[in-house]
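These numbers were taken from a predicted model, which means no experiment stands behind them.
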Amino acid sequence: QVQLEESGGGLVQTGDSLRLSCAASLSSFGNRVMGWFRQTPTKEREFVAGIHWTGSSSSYGDAVKGRFTVSRDNTKNMMYLQMNSLKPEDTAVYYCAAREPGRAMITMTAPNFSSWGQGTQVTVSS
């Protein structure tokens with residue numbers, strides 16, 4: 001089982017930037033599609049960004065396109081989420097997630113990810 005740990009959350013102001021990190025514990029990280037999701041107390045878990053195990057392809061939720069960038073470093077078992085032009089509606093707990101090894105980068109919804117981190121809080125003040 002992959003263990004995932006997010007870091008980098010915090011309190012920022014509208015328009016600021018923040019970079020989240022996700023550390024994975026297993027060598028199979030390099031064969032897994034990875035994703036970022038977010039959730040608030042009043043909404044279901046929402047897809048934010050995903051990245052292919054090679055890093056050659058990525059996808060984004062409509063709410064963050066053009067502002068967020070996902071990346072990964074397979075030599076370090078790390079994934080990142082660079083968040084720019086943050087808005088109050090980006091406030092949420094952000095989760096790192098992994099798919100089973102070898103699974104394609106399709107249907108990027110929460111039920112299709114098998115491993116999850118504990119989450120990191122991002123709060124954007126207006």
Side-chain angles (χ1 to χ4, degrees):
Q1 184 175 354
V2 179
Q3 292 184 345
L4 305 172
E5 183 174 2
E6 305 91 342
S7 62
L11 173 63
V12 296
Q13 295 184 334
T14 297
D16 284 352
S17 296
L18 205 56
R19 189 195 196 203
L20 304 184
S21 299
C22 172
S25 64
L26 292 184
S27 60
S28 60
F29 174 82
N31 295 320
R32 297 175 182 262
V33 168
M34 298 292 296
W36 287 101
F37 290 79
R38 66 187 183 186
Q39 190 169 20
T40 68
T42 58
K43 292 184 179 180
E44 294 184 352
R45 198 161 290 192
E46 175 190 18
F47 171 70
V48 174
I51 187 166
H52 191 266
W53 58 77
T54 63
S56 61
S57 179
S58 58
S59 64
Y60 297 91
D62 289 342
V64 307
K65 284 180 181 177
R67 300 188 297 123
F68 291 11
T69 302
V70 60
S71 61
R72 66 190 296 164
D73 184 342
N74 288 348
T75 66
K76 298 180 180 178
N77 280 17
M78 295 290 295
M79 178 178 65
Y80 307 98
L81 185 67
Q82 177 66 41
M83 305 186 294
N84 298 331
S85 302
L86 283 162
K87 305 174 182 180
E89 50 264 45
D90 294 318
T91 295
V93 177
Y94 283 72
Y95 296 91
C96 168
R99 300 194 73 161
E100 289 298 304
R103 291 293 179 91
M105 191 171 160
I106 59 174
T107 317
M108 302 291 278
T109 57
N112 289 288
F113 285 77
S114 56
S115 299
W116 293 85
Q118 294 300 308
T120 185
Q121 176 71 46
V122 172
T123 303
V124 184
S125 64
S126 57

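- Residues Ile51 and Met78 do not share a hydrophobic cluster, clusters being chains of Ile/Leu/Val/Met/Phe/Trp/Tyr side chains in contact below 4.5 Å.
- Residues passing the side chain to side chain contact (heavy atoms under 4.5 Å, CB included) test with Ser7 are Ser21, sequence neighbours excluded.
- Cluster annotation: Val122 and Leu81 are assigned to the same hydrophobic cluster (Ile/Leu/Val/Met/Phe/Trp/Tyr, side-chain heavy-atom contacts under 4.5 Å, transitive).
- With sequence neighbours excluded, the residues that form a side-chain hydrogen bond (donor to acceptor under 3.5 Å, both in side chains) with Glu100 are Ser114.
- Proximity of a side-chain donor or acceptor of Ser126 to a complementary backbone N or O of Pro88 within less than 3.5 Å is not detected.
- Between the Gln39 side chain and the Ala92 main chain, no donor and acceptor come within less than 3.5 Å of each other.
- Listed by chain and residue number, nothing satisfies the side chain to side chain contact (heavy atoms under 4.5 Å, CB included) test with Glu5 (two or more places apart in sequence, or in another chain).
- Note that CG of Asp62 and CZ of Phe47 are 10.0 Å apart. Values are rounded to the nearest 0.5 Å.
- Using a 4.5 Å heavy-atom cutoff, the side chains of Tyr95 and Val48 are not in contact.
- Sorted by first and then second residue, the side-chain hydrogen bond (donor to acceptor under 3.5 Å, both in side chains) pairs with a member in residues 83-92 read Ser17-Asn84, Arg38-Asp90, Arg67-Asp90, Gln82-Asn84; sequence neighbours excluded.
- When the side-chain hydrogen bond (donor to acceptor under 3.5 Å, both in side chains) test is applied to Thr69, no partner is found at least two apart in sequence or on another chain.
- Between the side chain of Arg99 and the main chain of Asn112, a donor-acceptor pair closer than 3.5 Å is present.
- Partners of Gln121 under the side-chain hydrogen bond (donor to acceptor under 3.5 Å, both in side chains) rule, at least two apart in sequence or in another chain, are Thr123.
- Contacts of Lys43 classified as side-chain hydrogen bond (donor to acceptor under 3.5 Å, both in side chains), with partners at least two apart in sequence or in another chain: none.
- For the pair Leu20 and Glu6, the minimum side-chain heavy-atom distance is 4.5 Å or more.
- Applying the disulfide (SG to SG under 2.5 Å) definition to pairs two or more places apart or across chains, none involves residues 33-91.
- With values rounded to the nearest 0.5 angstrom, Gln3 atom CD is found 12.0 Å from Asn77 atom CG.
- Side chain of Asn31 to backbone of Ser28: no donor-acceptor contact under 3.5 angstrom is found.
- At a threshold of 4.5 Å between side-chain heavy atoms, the hydrophobic network of Ile, Leu, Val, Met, Phe, Trp and Tyr places Val124 and Trp36 in one connected group.
- For the disulfide (SG to SG under 2.5 Å) condition, no pair includes a residue of residues 59-93, sequence neighbours left out.
- Every pair passing disulfide (SG to SG under 2.5 Å) that includes a residue from residues 49-102 is listed here, sequence neighbours excluded: Cys22-Cys96.
- Contact detail for Ser115 and Leu4: the closest heavy-atom pair is O-CD1, 3.6 Å.
- At distances below 3.5 Å, at least one donor-acceptor pair connects side-chain atoms of Ser125 with backbone N or O atoms of Val12.
- Ring centroid separation for the pair Phe37 and Phe113 comes in under the 6.0 Å cut-off.
- Taking Ile, Leu, Val, Met, Phe, Trp and Tyr as members and joining any whose side-chain heavy atoms lie under 4.5 Å apart, directly or through other members, Leu11 forms no hydrophobic cluster with any other residue.
- Using a 4.5 Å heavy-atom cutoff, the side chains of Met79 and Val70 are in contact.
- Between Val64 and Met83, the closest side-chain pair of non-hydrogen atoms is not below 4.5 Å.
- Within the structure, every pair that satisfies the side-chain hydrogen bond (donor to acceptor under 3.5 Å, both in side chains) test and touches residues 51-60, not counting sequence neighbours, is listed here: His52-Thr54, Thr54-Ser56.
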